[in-house]
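Beneath this line is the structure, given in structure tokens, with notes to follow.
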Amino acid sequence: MTDPRQPDPSIQLYDTMQRRKVPFVPTTAGHVGMYLCGPTVYSDAHLGHAKKEVAFDVIRRAFLHFGYKVRYVANITDVGHLQNDADDGEDKLQVRARLEQLEPMEVADKYFWSFVKDMEALNVLKPSINPRATGHIGEQISLIEELIARGHAYESGGSVYFDVRSWPEYGKLSGRKLDDQEEGVREAVREEKRDPRDFALWKKAEDNHLMRWDSPWGVGFPGWHIECSAMSLKYLGEGFDIHGGGLDLQFPHHEAEIAQAEAAGHHFARYWMHNNMLTIGGEKMSKSKGNFTTIQDLLSQHDPMVVRFLLVSSHYRSITEFSEEAFASAKSGYRRLTEALHEIERRLPDAPAGASAALDAKISSHTQAFEDAMRDDFNTPKAVAALFGLTTDLNAALGSGGVGKETLERARRAYLTLGGDVLGLFAGSGAEREDDAEVVSALMDLVLKARQNYRLNKQYAEADELRDTLTKVGVTVEDTKDGVRWKR
Ligand SMILES: Nc1ncnc2c1ncn2[C@@H]1O[C@H](COP(=O)(O)OP(=O)(O)OP(=O)(O)O)[C@@H](O)[C@H]1O
Ligand SMILES: [Zn+2]
């Protein structure tokens, strides 16, 4: 295994900007600065969001394993993300605030904490810094002022726009130059811009706009893209190492981030990494399409580690198709690993002293294969295959006689380090939690059937009592048009 004090120099990653795999060379030896575009906190996260978070969590964990210190900054968007990507429509948080009769900031907090809970369950490490857009209005205003001073932005009607024509490099990440994203945009917004491709850095707040701040251009709020340029530079510095996000953010979001930072004279991210999408029935899982399953819903029925295993079983740059079959196979694959680990733990106390050379050699070669896979653009499916290879050899050795204690310990360490620390798969004891989830699910079926019978017999008091008792222990029951659903 790699010496943890010597940062491994042989990691290759796919850089979207260069459109190829390149060796990773950090700005500061032994350190990695990573920035990830985080969630807009206006609703519960779905499994597609989990794909992104787990993908970058594994990358971070791999760097740690290979001896790097990592500063991981992931922002929280709590202002400025409008319904329409082309600078029009209402703020997504404000729409939700009206629906739920809450303050926009209550919406942000509610869904921020819900996101934190989901990520904890999925064993995603907490970011080193989790900056919020509303906490960095001053930094965003300063960056906009720099852009105006350098002639790359202009004020118009109380809003400020980035002048795309002044920055010929705009479009270099995505290769998309002419998409103006102007469909369905109000005439007033169109008229304010010199070029339809110009994007908002600052927006004038209409009277009914709740989130508003003073600025040199009047009362308003920041555009969506500027927060990421300002906060990544603030916490990671000039020329930081890696910027990540979903593939769908390449344009316009990341393109705008780069233009804003570089046109203001800064050195921006040196590598760009993008995860592909989680799909269902071949279509991207998304809130707007309504084809999503929230992480909470999923975790009320399934072991979070099986969900995580499903996600790491495909490469971050590949599409992950979510289906019942994919889930069933993740479940049995995950069980194979945890059963092997449990078998080692069961045998360890009585194992004969000493090592078993043949199995030792196999543990080394599977460990090597795992690490090589991770060095090669974080190839998790290959890494998982190495763990399965280890499991096959371990099971064969265990089946044909006693394995020495030292070797069992080595095997255990390999599972816990590679599967646990790097892939993040063994939070708690996986197999037990999986069994737990199955028992809870079977019990809930019984309880809901009993409640249904009470209602059919018009025993409403009893039915309500059942529901109230469930509420007390944190289980919510909802009657929907498709039947009864529950979650905890
Ligand atoms: N299905 C998905 N697979 C992988 N990543 C996703 C998926 N859906 C969203 N993301 C990522 O999560 C981040 C935030 O997504 P967003 O809040 O726009 O979700 P969404 O469901 O796509 O919403 P909408 O449909 O309203 O655009 C983005 O970086 C995006 O790339
Ligand atoms: Zn961003």
Side-chain angles (χ1 to χ4, degrees), residues 16 34-57 73-85 89-93 95-96 107-108 111-112 114-115 118-119 124 127 130-133 136 140 173-174 181 199 222-236 240 242-261 268-269 272-295 298 307 310-311 314-322:
T16 317
M34 287 176 77
Y35 183 89
L36 179 68
C37 290
T40 305
V41 278
Y42 72 103
S43 66
D44 287 323
H46 58 63
L47 192 59
H49 300 127
K51 161 137 178 137
K52 172 176 67 111
E53 301 299 328
V54 169
F56 284 95
D57 182 56
V73 180
N75 70 305
I76 297 294
T77 299
D78 56 358
V79 68
H81 199 167
L82 305 184
Q83 288 170 302
N84 179 331
D85 262 357
E90 245 189 294
D91 189 300
K92 292 186 180 193
L93 265 92
V95 174
R96 191 66 179 219
V107 170
Y111 292 109
F112 168 70
S114 147
F115 180 76
D118 290 348
M119 292 308 119
V124 170
N130 217 176
R132 286 191 182 202
H136 297 77
Q140 296 175 71
L173 177 71
S174 60
Q181 294 268 323
F199 54 88
W224 170 37
H225 315 301
I226 193 79
E227 65 176 271
C228 287
S229 306
M231 299 193 297
S232 58
L233 286 167
K234 174 171 171 119
Y235 294 112
L236 293 170
F240 65 87
I242 297 175
H243 193 311
L247 202 54
D248 56 338
L249 291 185
Q250 262 188 86
F251 187 90
H253 185 59
H254 290 161
E255 206 68 80
E257 278 189 42
I258 297 169
Q260 291 161 161
F268 207 47
W272 284 86
M273 298 181 77
H274 290 97
N275 65 279
N276 213 321
M277 296 294 112
L278 181 116
T279 58
I280 181 156
E283 271 200 80
K284 179 195 165 195
M285 180 177 280
S286 85
K287 277 181 298 244
S288 42
K289 289 203 190 90
N291 62 350
F292 62 91
T293 308
T294 64
I295 299 172
L298 214 58
V307 176
L310 173 92
L311 296 172
S314 59
H315 191 243
Y316 77 93
R317 282 194 293 118
S318 304
I319 284 172
T320 307
E321 168 70 9
F322 176 62

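Just so you know, ligand 1 is whichever comes first in the structure, and atom 1 is the first atom listed for that ligand. Every heavy atom of this structure was used, including side-chain atoms; hydrogens, water molecules and symmetry mates were not. Nothing here was measured: the structure is a model prediction, and the numbers come from that model.
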Any chance you could measure [X], atom [atom1], to [Y], atom [atom2], to the nearest 0.5 Å?
X: L47; Y: N291; atom1: CG; atom2: CG; result: 11.0 Å
X: E255; Y: W272; atom1: CD; atom2: CH2; result: 8.5 Å
X: M285; Y: I280; atom1: CE; atom2: CD1; result: 4.5 Å

Under 3.5 Å, is there a donor-acceptor pair linking the side chains of [X] and [Y]?
X: E227; Y: N75; value: yes
X: K51; Y: T320; value: yes
X: T279; Y: E321; value: yes

Would one find an N, O or S atom of [X], in either backbone or side chain, under 2.8 Å from the Zn ion (ligand 2)?
X: E227; result: no
X: C37; result: yes
X: H253; result: yes

If we ignore hydrogens and angles and just use 3.5 Å, is the side chain of N276 paired with the main-chain N or O of R317 as donor and acceptor?
yes

Could you see which bit of [X] sits under 4.0 Å from ligand 1, with heavy atoms only: side chain, backbone, both or neither?
X: K52; answer: side chain
X: L278; answer: both
X: L47; answer: neither
X: H46; answer: side chain

Grab the two heavy atoms, one from [X] and one from [Y], that are nearest each other, plus how far apart they are.
X: I295; Y: M119; answer: CD1-CE, 3.9 Å
X: M273; Y: F56; answer: O-CZ, 3.4 Å
X: P222; Y: V79; answer: CG-CG1, 3.9 Å
X: S174; Y: F251; answer: OG-CD1, 3.5 Å
X: G245; Y: H254; answer: CA-CE1, 4.0 Å
X: F292; Y: S286; answer: CD2-O, 3.6 Å

Would T279 count as a contact residue for ligand 1, given that I'm defining contact as a non-hydrogen atom of the residue lying under 4.0 Å from a ligand atom?
no

Yes or no: does T40 have any heavy atom under 4.0 Å from an atom of ligand 1?
no

For [atom], closest protein heavy-atom neighbour:
atom: atom 29 (O) of ligand 1; result: L249 CD1, 3.1 Å
atom: atom 18 (O) of ligand 1; result: K92 NZ, 4.6 Å
atom: atom 12 (O) of ligand 1; result: H49 CD2, 3.2 Å
atom: atom 22 (O) of ligand 1; result: K284 NZ, 2.7 Å
atom: atom 25 (O) of ligand 1; result: S288 OG, 2.4 Å
atom: atom 6 (C) of ligand 1; result: G48 O, 3.4 Å
atom: atom 17 (O) of ligand 1; result: K287 NZ, 2.9 Å
atom: atom 30 (C) of ligand 1; result: D248 OD1, 3.4 Å

List ligand 1 atoms under 4.0 Å from [X], heavy atoms only on the residue side.
X: M277; result: 2 (C), 3 (N), 4 (C), 5 (N), 6 (C), 7 (C), 31 (O)
X: N275; result: 4 (C), 5 (N)
X: N276; result: 4 (C)
X: M285; result: 1 (N), 2 (C), 7 (C), 8 (N)

Sole residue of H274, H243, H225 in ring pair (Phe, Tyr, Trp, His ring centres under 6.0 Å) with H253
H225

For L247 and ligand 1, does the shortest N/O to N/O distance drop below 3.5 Å?
no

Would one find an N or O of G245, backbone or side chain, under 3.5 Å from an N or O of ligand 1?
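For ligand 1, there is no N or O atom that lies under 3.5 Å from one belonging to G245.
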
Quick one: does atom 3 (N) of ligand 1 have a protein heavy atom under 4.0 Å from it?
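Within 4.0 Å of atom 3 (N) of ligand 1, protein heavy atoms are found.
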
Which N, O or S atom of E257 lies nearest to the Zn ion (ligand 2), by name:
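Closest to the Zn ion (ligand 2) among those atoms: OE2.
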
Select the closest option to atom 26 (O) of ligand 1 among Y42, F292, Y316, judged by heavy-atom distance.
Y42

Quick one: sort the H49 and H46 rings into parallel, tilted or perpendicular, breaks at 30° and 60°.
parallel

